[in-house]
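All of these numbers come straight from a predicted model, not from anything done at the bench.
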Amino acid sequence: MKLTSNLICPHCGHRASETMPTDACQFFYECTGCGTLLRPKQGDCCVYCSYGDVPCPPIQEAQDRNGPASCCTG
């Protein structure tokens with residue numbers, strides 16, 4: 001499982017390598033380039049799934065076991 005993702009801001013294009021939490025989804029991220037507060041796109045569980053080059057740990061785990069992610073059920 002990869003725990004680092006490169007977030008790319010859709011507003012300014014700034015890239016930042018961030019360590020993802022393993023126990024929760026991250027709903028907000030403030031771009032360190034322009035200060036824009038990023039939120040997940042509709043249908044995504046977190047900012048890493050929307051703007052990162054690696055999906056969040058719960059999604060990675062779900063892909064490995066071919067099932068739904070625990071963070072996206074309910």
Side-chain angles (χ1 to χ4, degrees):
M1 180 175 301
K2 295 181 181 180
L3 298 178
T4 302
S5 184
N6 293 302
L7 288 170
I8 303 165
C9 179
H11 299 280
C12 73
H14 181 77
R15 293 176 179 262
S17 180
E18 299 288 344
T19 301
M20 297 180 281
T22 58
D23 59 348
C25 291
Q26 187 166 335
F27 298 109
F28 303 104
Y29 176 80
E30 185 175 337
C31 174
T32 54
C34 68
T36 297
L37 186 63
L38 303 179
R39 295 183 174 106
K41 295 177 185 175
Q42 186 173 355
D44 286 343
C45 62
C46 68
V47 293
Y48 295 105
C49 290
S50 292
Y51 307 107
D53 62 352
V54 175
C56 69
I59 296 296
Q60 291 179 58
E61 184 179 288
Q63 289 172 343
D64 286 346
R65 67 171 196 275
N66 294 318
S70 60
C71 65
C72 299
T73 59

Next on the checklist: Once side chain to side chain donor-acceptor pair (under 3.5 Å) is applied, do any residues pair with D53, and if so which ones, sequence neighbours excluded?
Outcome noted: S5, N6

Checklist entry - Does the side chain of D44 reach to within under 4.5 Å of the side chain of P55, using non-hydrogen atoms? => result no

Item to check | Apart from I8 itself, residues in the same hydrophobic cluster as defined by side-chain heavy atoms under 4.5 Å | outcome: none

Checklist outcome for this item: Students should find that the hydrophobic cluster of L37, defined by side-chain heavy atoms under 4.5 Å apart, otherwise consists of F27, F28

Next on the checklist: For a quick test of reading the model, state the closest non-hydrogen atom pair linking K2 to M20 and the distance between them.
Outcome noted: O-CE, 3.4 Å

Checklist entry - Which atom pair, heavy atoms only, marks the closest approach of C45 to C25? => result O-CB, 3.6 Å

Item to check | Minimum side-chain heavy-atom gap C9-Y51 below 4.5 Å | outcome: no

Item to check | By side chain to side chain donor-acceptor pair (under 3.5 Å) - contacts of Y29 (at least two apart) | outcome: E18

Checklist entry - If every non-hydrogen atom of T4 is compared with every non-hydrogen atom of T19, which pair is closest and at what distance? => result OG1-OG1, 4.3 Å

Item to check | Pairs flagged by side chain to side chain donor-acceptor pair (under 3.5 Å) wherever residues 32-42 is involved - sequence neighbours left out | outcome: H14-T32

Item to check | Members besides L3 in its Ile/Leu/Val/Met/Phe/Trp/Tyr cluster (side-chain heavy atoms under 4.5 Å) | outcome: M1

Checklist entry - Of all residues at least two apart in sequence or in a different chain, which pass the side chain to side chain donor-acceptor pair (under 3.5 Å) check with Q26? => result Y48

